[in-house]
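Order of the sequence lines fixes the chain letters, A, B, ..., with proteins taken first and strands second; residue numbering starts at 1 for each chain. Since the structure is predicted, the reported quantities are computational estimates derived from the model, not experimental observations.
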There are 2 protein chains.
Amino acid sequence: MSKELSTEAKIREAAKNVFIAKGFDGCTSREIAKAAGMNVALVNYYFCSKKQLFKLIFEAAMEDFMLSTVEVFRKDLSLESKMRIFIEREFEFLTMHPDIPRFILSELSRGDKCEFDHAGILDKIAETGVFEELMDAQEKGVIRKMDLTNLMLMIMSNCHYPFMAKPLMKYLNSLSEEEYQERLMLQKQYVTEMLIGYLFLPKTNI
Amino acid sequence: MSKELSTEAKIREAAKNVFIAKGFDGCTSREIAKAAGMNVALVNYYFCSKKQLFKLIFEAAMEDFMLSTVEVFRKDLSLESKMRIFIEREFEFLTMHPDIPRFILSELSRGDKCEFDHAGILDKIAETGVFEELMDAQEKGVIRKMDLTNLMLMIMSNCHYPFMAKPLMKYLNSLSEEEYQERLMLQKQYVTEMLIGYLFLPKTNI
DNA sequence: AAAGAATTTAAACGTTTGTTTAAAAATGAT
DNA sequence: ATCATTTTTAAACAAACGTTTAAATTCTTT
């Protein structure tokens, strides 16, 4: 692993791990300090307060979560290829950061404690031109005409939830970690085919 | 609302609301007592500890969450009708209890703090005979051959996630409460068609 | 090497936490 | 009405919380 990190970076890293694993309410400043291998006071020396440190971590996670995989839409590929690769990348990202969706949704629903600044996240997605491309495809009858908000929600449901529901599914079906990972990879295939099959209309040979 | 509840029931009710809204770590015993309109000590007088009260609430929520809508599968209907009605009921239940999925998945991932006893939940689902019916339908080529765990996950993804992601979607798309409720009803239609379309195979006229 | 600034530490601050105690109020039985 | 039991309250407990302070250490600059 990385050996030479600044104190500030070490705290940031520890805070990220602890916050994402346990949530803002589920951990203490001292726990973060210990995970970073140092004194409690240093956390506040560098980041003023638990709340402010959390805000930093949360917003970074949010950006990662929303933007890590949208670059596909800039590529010069067919819309269907883009969709397939997007889902592929999404599962890849979530395999490496399986706790992020639950973390984001939980903390967002905790709400007003401190208001988050995720201005422009949707703008950055829009910059890729994906929405225009989808609307074009709808006009041309390539894909189903449906609200894009709902489409977004549909894709996110099928990508995020399988990772969020891991403890539930593992328990209900008595699965080992390996078995669940297998199901996840299976699920990726299933949802890809289902989403593509639903979204893309059969070609009409006029 | 209901006026005549026993003290014990009042605490239970308050605890349910507070725990589900804020999570175990996000609230205090005093908060629950205040929500029930009484002293802190009474909470422990009736329920011994915060942890034990939580366990009670959690397990009740879990049962509701998993079993509230499975009765459809006992009915004498075509498999497709059952699927449609199941999704309908699921959205109905979640409209009334929109915070339960996030609550359950969050608290489950908090893990070992106290181990939950949801023994037999899958058994109770199995009792409806839905799994046999699905396997039969798979043998007969009525529905797609796929792992039933994955199918379950797929349905849950599309039903639960839209409610869990409400704060995220509302913010990203600047939707009012009413607008989001509209999207939810739209989503119900979309996911029903998508799931049915994916699961049920076209009839082969041998 | 000495001085000054930045970093790190141990200790303490006042609150709040979950829980307990002991007294008060309400209830039921005789 | 009197007593015993149950229910409710206010007060207190030690422990843990986020944060601050002031001293110790390290680093940088001269």
> Can you say whether the rings of Phe24(B) and Phe19(B) are parallel (under 30°), tilted (30 to 60°) or perpendicular (over 60°)?
Replying inline: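 Rings of Phe24(B) and Phe19(B): parallel, as their planes differ by under 30°.
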
Whole angstrom is fine here: how far is it from [atom1] in [X] over to [atom2] in [N]?
X        : N       : atom1 : atom2 : result
Leu42(A) : dT9(C)  : CG    : P     : 6 Å
Leu5(A)  : dT7(C)  : CG    : P     : 16 Å
Ile11(B) : dT7(D)  : CD1   : C1'   : 11 Å
Met38(B) : dA10(D) : CE    : C1'   : 16 Å

>> Tyr180(A) vs Gln187(A), test: side chain to side chain contact (heavy atoms under 4.5 Å, CB included). Steps then yes/no.
In response: CA-CA 10 Å; Tyr180(A) 193 69; Gln187(A) 192 75 2; over 6 Å; no

Donor-acceptor pairs under 3.5 Å, side chain of residues 34-45 of chain B to any protein atom, not counting sequence neighbours: which ones?
from, atom 1, to, atom 2, distance (Å)
Asn39(B), OD1, Ala41(B), N, 2.8

> Contact class for Phe47(B) (heavy atom, under 4.0 Å): base, sugar-phosphate, or nothing?
Replying inline: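 Since no nucleic acid heavy atom lies under 4.0 Å of Phe47(B), the category is nothing.
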
> Does the pair Phe91(B) and Thr69(B) meet the rule for a side chain to side chain contact (heavy atoms under 4.5 Å, CB included), with working shown?
Replying inline: CA-CA 10 Å; Phe91(B) 270 78; Thr69(B) 60; over 6 Å; no

>> I'd like to know if Glu127(B) and Lys124(B) make a salt bridge, using a cut-off of under 4.0 Å between side-chain N and carboxylate O.
In response: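 The answer is no: the pair does not qualify as a salt bridge.
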
> Quick one: do Glu193(B) and Arg84(B) make a salt bridge, cutoff under 4.0 Å?
Replying inline: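 Yes, Glu193(B) and Arg84(B) are salt-bridged.
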
>> For Phe65(B) together with His160(B), are the ring centres under 6.0 Å from each other?
In response: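 They qualify: ring centres under 6.0 Å apart.
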
> Hey, does the Lys NZ or Arg CZ of Arg74(A) hover above the aromatic six-ring of Phe86(A), less than 6.0 Å from the centre and inside 45° of the axis?
Replying inline: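 Judged by the rule (NZ or CZ under 6.0 Å from the ring centre, within 45° of its axis), Arg74(A) is not positioned above Phe86(A).
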
Please list, for nucleotides 23-26 of chain C, all pairs of protein and nucleotide N/O atoms separated by less than 3.5 Å.
none

> For the helix from dA1(C)-dT30(D) to dT30(C)-dA1(D), how many degrees between its two end axes (five pairs per end), to the nearest 10°?
Replying inline: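 It comes to 10° between the two terminal axes.
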
>> Tell me every residue that passes side-chain hydrogen bond (donor to acceptor under 3.5 Å, both in side chains) with Arg144(B), counting only those two or more places apart in sequence or in another chain.
In response: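 Arg144(B) satisfies side-chain hydrogen bond (donor to acceptor under 3.5 Å, both in side chains) with no other residue.
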
> Any side-chain N or O of Thr7(A) under 4.0 Å from OP1/OP2 of dT8(C)?
Replying inline: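 The answer is yes; a side-chain N or O of Thr7(A) sits under 4.0 Å from OP1 or OP2.
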
>> Treating primed atoms plus P, OP1 and OP2 as sugar-phosphate and everything else as base, which nucleotides of nucleotides 11-28 of chain D get B, S or - for protein heavy atoms under 4.0 Å?
In response: -B----BBBBB-------

> Can Ser157(A) and Ser157(B) be counted as having a side-chain donor-acceptor contact under 3.5 angstrom?
Replying inline: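 Judged by distance alone, the side chains do not pair up.
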
> What residues form a side-chain contact (heavy atoms from CB on, under 4.5 Å) with Glu177(B), not counting sequence neighbours?
Replying inline: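 So Glu177(B) forms a side-chain contact (heavy atoms from CB on, under 4.5 Å) with Lys166(B), Lys170(B), Gln181(B).
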
